[in-house]
Amino acid sequence: MEETRWWSKLLATSGVISVILLLAAPMGYKYGSSLLMSSLGTVMLAFLVAVLVVIVSLVMLLYVNKHQMLRDRKLLFIGIAVSILPMVMIVPNILKGTSVPAIHDITTDTSSPPVFHVIVNQRLVGAKEEAIVNDLTYGAGFENPSMLAKLQQEAYPEIQTLELNSDVMSVVAVTSKILEESGMEVVNIDPELGIVEATATTFWFGFKDDVVVRIRPTRSGSKVDVRSVSRVGQSDLGANAARIMGILTALSSAQI
């Protein structure tokens, strides 16, 4: 019976371990068993292990094919196959991070951003690492808020105030429904102020992004401004801009 080599077993096992690390690290942070930086570090470790397994396995395939080592070849293919998962999940995020500015506070109105109300007190409640929760002050971390506004406008010129031919009360009602249907937790609906606040939570890490929609009356109806801010992290990888565009698109097509 053909004997498998230790290195083929090691590569296959390492590929499986990379997948386990990829799945366990985000869940650990989400459920409070690990801190953010250690979880992110574990994800990067999973990625590096996966890359190493693929590279070494491809090289070793040349050797096992030459010597017709069928069992070892099978294990090498297993290692490559499972290692592709961490690479497929992480590489797009790395590429996205290099294509968008490292900002996490996006709004349709950069000169007078919508202000959070109820969410202000909720952000630090139950925070895993209070010290790294992002400031809600627009432009925090920049010498001037206009620097943040410039970065946003260059990256997301489509993020603009939406004007509707509907009254504030109607838009508030539809907005709250849109946010709920998108999976967000609506925490404040104030028709008098024209404010709707909600929190979006990601599946893997459980990251929370806070959203406030401000609806103000105009002569012909109302205008809508949206702001979405990540609680942690310097870059949102474009998530907040995509969320705002989703809200604006849904409001534009809604029957109000």
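Excluded from the calculations below are hydrogen atoms, water molecules and symmetry mates; all remaining heavy atoms, backbone and side chain alike, are included. Just so it is clear, the structure is predicted and the values come from calculations on it, not from any experiment.
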Checklist entry - How far apart are the C-alpha atoms of F142 and K150, what are their side-chain angles, what is the distance that settles it, and do they pass the side chain to side chain contact (heavy atoms under 4.5 Å, CB included) test? => result CA-CA 11 Å; F142 291 85; K150 181 180 179 182; over 6 Å; no
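- Side chains of W204 and L22 form no contact here, defined as non-hydrogen atoms less than 4.5 Å apart.
- A 4.5 Å side-chain heavy-atom check between L164 and K223 finds every atom pair outside the cut-off.
- In this structure, M69 CE and L75 CG are separated by 10.5 Å, a value rounded to the nearest 0.5 Å.
- Using a 4.5 Å heavy-atom cutoff, the side chains of V19 and P86 are in contact.
- Pairs passing the salt bridge (Lys or Arg N to Asp or Glu O under 4.0 Å) check and including a residue from residues 244-256, sequence neighbours excluded, do not occur.
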Next on the checklist: As a quick check of understanding, evaluate side chain to side chain contact (heavy atoms under 4.5 Å, CB included) for K9 and R5, giving each step before the final call.
Outcome noted: CA-CA 7 Å; K9 295 178 182 178; R5 276 64 177 176; over 6 Å; no
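- Between the side chains of T4 and R71, not a single donor N or O lies within less than 3.5 Å of an accepting N or O.
- Side chain of S57 to backbone of G79: no donor-acceptor contact under 3.5 angstrom is found.
- How far OG of S235 is from NE2 of H104: 10.0 Å, rounded to the nearest 0.5 Å.
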Checklist entry - Under the side chain to side chain contact (heavy atoms under 4.5 Å, CB included) criterion, do F47 and M87 qualify, and how do the steps go? => result CA-CA 6 Å; F47 175 70; M87 296 173 67; 4.3 Å; yes
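- V226 is listed as a side-chain neighbour of V211, based on a closest heavy-atom distance under 4.5 Å.
- W7 CH2 to L10 CG: the interatomic distance, rounded to the nearest 0.5 Å, is 11.0 Å.
- Using a 4.5 Å heavy-atom cutoff, the side chains of V43 and L21 are not in contact.
- What you find for G194 and V172 is that their closest heavy atoms are CA-CG2, 3.9 Å.
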Solution key, residues 49-56 side-chain donor-acceptor pairs under 3.5 Å, sequence neighbours excluded:
none

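- Judged by distance alone, the side chain of R123 and the main-chain N or O of N134 form a donor-acceptor pair under 3.5 Å.
- In the hydrophobic clustering of this structure, L237 does not group with M37; members are Ile, Leu, Val, Met, Phe, Trp, Tyr whose side-chain heavy atoms approach within less than 4.5 Å, directly or through other members.
- Under a hydrophobic clustering in which Ile, Leu, Val, Met, Phe, Trp and Tyr are joined whenever their side-chain heavy atoms come within less than 4.5 Å, directly or via other members, L151 and M147 fall into the same cluster.
- Atoms CG and OG, from L76 and S8 in turn, are 6.0 Å apart once rounded to the nearest 0.5 Å.
- If you chain together hydrophobic residues whose side chains sit under 4.5 Å apart, M169 and I215 never meet in one group.
- For the pair V16 and S14, the minimum side-chain heavy-atom distance is 4.5 Å or more.
- S230 and N240 are linked by a side-chain donor-acceptor pair at a separation below 3.5 angstrom, with hydrogens and angles left out of the test.
- Every residue meeting the ring pair (Phe, Tyr, Trp, His ring centres under 6.0 Å) condition with Y63, not counting sequence neighbours, appears here in chain and number order: H67.
- Grouping the Ile, Leu, Val, Met, Phe, Trp and Tyr side chains by contacts below 4.5 angstrom, directly or via other members, places F77 with V88.
- With hydrophobic clusters built from ILVMFWY side chains whose heavy atoms lie under 4.5 angstrom apart, V168 does not share a cluster with V115.
- Judged purely by atom type and a 3.5 angstrom limit, S170 has no side-chain atom pairing as donor or acceptor with the backbone of S166.
- Looking at every heavy atom in both residues, S111 comes nearest to P113 through C-CD, 3.8 Å.
- More than 12 heavy atoms of other residues, nucleotides or ligands shown are found within 6.0 angstrom of CD on E158.
- Atom CG of D105 sits about 9.0 Å away from atom CG of D236, to the nearest 0.5 Å.
- With rounding to the nearest 0.5 angstrom, the OG atom of S83 is 10.5 Å from the CD1 atom of I17.
- Among residues two or more places apart in sequence or in another chain, the side chain to side chain contact (heavy atoms under 4.5 Å, CB included) test is passed with P114 by T107, V212, R214, D225, R227.
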Next on the checklist: Is there a side chain to side chain contact (heavy atoms under 4.5 Å, CB included) between I244 and L248? Walk through the geometry before answering.
Outcome noted: CA-CA 6 Å; I244 290 175; L248 296 178; 3.9 Å; yes
Contacts table for residues 177-187: side-chain donor-acceptor under 3.5 angstrom, sequence neighbours left out:
residue	atom	partner	partner atom	Å
S182	OG	I178	O	3.4
S182	OG	L179	O	2.7

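- Only one option out of T108, I159, I106 pairs with M245 in a side chain to side chain contact (heavy atoms under 4.5 Å, CB included); it is I159.
- Proximity of P217 to D167: side-chain heavy atoms (C-beta onward) are nowhere separated by under 4.5 Å.
- Using modelled atom types and a 3.5 Å distance limit, the side chains of E163 and T218 yield no donor-acceptor pair.
- No side-chain heavy atom of D209 sits under 4.5 Å from any side-chain heavy atom of V229.
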Name each donor-acceptor pair under 3.5 Å that joins a side chain in residues 195-203 to protein atoms two or more places apart or in another chain, with its distance.
residue	atom	partner	partner atom	Å
E197	OE1	H117	N	2.8
E197	OE1	V118	N	3.3
E197	OE1	I119	N	3.3
E197	OE2	H117	N	3.4
E197	OE2	V118	N	2.9
E197	OE2	N188	ND2	2.7
T199	OG1	D210	OD1	2.9
T201	OG1	K208	NZ	3.1
T202	OG1	G206	N	3.2
T202	OG1	F207	N	2.8

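- Remark: the backbone N or O of S34 is not paired with any side-chain donor or acceptor of S38 at under 3.5 angstrom.
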